Amino acid sequence: MAMRCRLVVLISGSGSNLQAIIDAVGDGRIPGEIVAVISNRPGVKGLERAKKAGIPAITLDHTGYADRAAFDRALQQQLETLDPDLVILAGFMRILPESLVNRFHGKMLNIHPSLLPKYRGLHTHRRALENGDAQHGVSVHFVTPELDGGPVIIQAHVDVAPDHTEETLAADVLKREHRIYPLVVQWYCQGRLRLEGDTPLLDDQPLESPLRYSEKLERRVG
Ligand code: GRF
């Protein structure tokens, strides 16, 4: 990895994960630079967070393009210009075309609020509650063309309590998200994490199954 890795973060909303990554770059945990934040929705809080941190904030409003392919082309062009070492999907609510995902194979991460392979797609917290799951959580994975289907690097678990609602469960999961996403970006930028075929490697060790986040793990490999 180059001395400072070039990060581009794609968002659609609040950008609290973006903020966690901005903070980790700011305090030196992540040896990288966020060269741009791109949102497909205008006026979202995440764009404000970027501006406040002095990061170029780009809006590519998908509703302003003739069709999906035109938006996808514009996004791809923008990414080619920015030339990132890593593309970070952080609450980006658009499905990317296979060509774009393949172009950034091993260089694109996503965070998904479930213990994948459970609950790909939307409404993960509701589905975990409806199914009476004892545990729920969040996964960070490399992006492949299959939606929420790429190799998982790490998961953080949340015990589901009897009084959890969809909102409070989401909030508890989000706290874990803010721990694990910066950590994974840190490993990537330190040159310790890579994808080989379908297998993520951390410190040259193949991750046959996802790491399980704990503070102990963070102290050990963080
Ligand atoms: C998070 O729950 C993330 O897992 C999901 O979208 C949400 C984004 O939240 N993919 P934020 O915009 O980072 O606050």
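Read the numbers this way: they start at 1 and go in the same order the structure lists the ligands and their atoms. Throughout, residue positions are numbered sequentially from 1 according to the sequence presented. Computed from a predicted structure; not experimentally measured.
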Revision key, fill the gap. Rounded to the nearest 0.5 Å, the CG atom of Leu183 sits from the CZ atom of Arg29 at a distance of 9.0 Å

Point to revise | Aromatic plane relationship, Phe71 with Tyr65 - under 30° parallel, 30 to 60° tilted, over 60° perpendicular | key: perpendicular

Exercise for review: Identify which one of Leu202, Leu193, Leu217, Ile111 satisfies the side chain to side chain contact (heavy atoms under 4.5 Å, CB included) criterion when paired with Ile154.
Suggested key: Leu217

Exercise for review: Report yes if some N/O of Ser16 lies less than 3.5 Å from some N/O of ligand 1; otherwise report no.
Suggested key: yes

Check your understanding: If we ignore angles and hydrogens, is there a donor and acceptor under 3.5 Å between the side chains of Gln19 and Asp23?
Key -> yes

Review point. How far is atom 3 (C) of ligand 1 from its nearest protein heavy atom, and which residue and atom name does that atom have?
Key: Glu177 OE1, 3.2 Å

Practice item. May I ask you to check if ligand 1 and Asn17 share an N or O to N or O distance below 3.5 Å? Key: yes

Check your understanding: Should we say atom CG of Asp198 is surrounded by more than 12 heavy atoms from elsewhere, each under 6.0 Å from it?
Key -> no

Exercise for review: Run down the list Ser12, Gly91, Gly15 and name the one with the heavy atom closest to atom 8 (C) of ligand 1.
Suggested key: Gly91

Point to revise | Proximity flag Ile111 to ligand 1, non-hydrogen atoms under 4.0 Å | key: yes

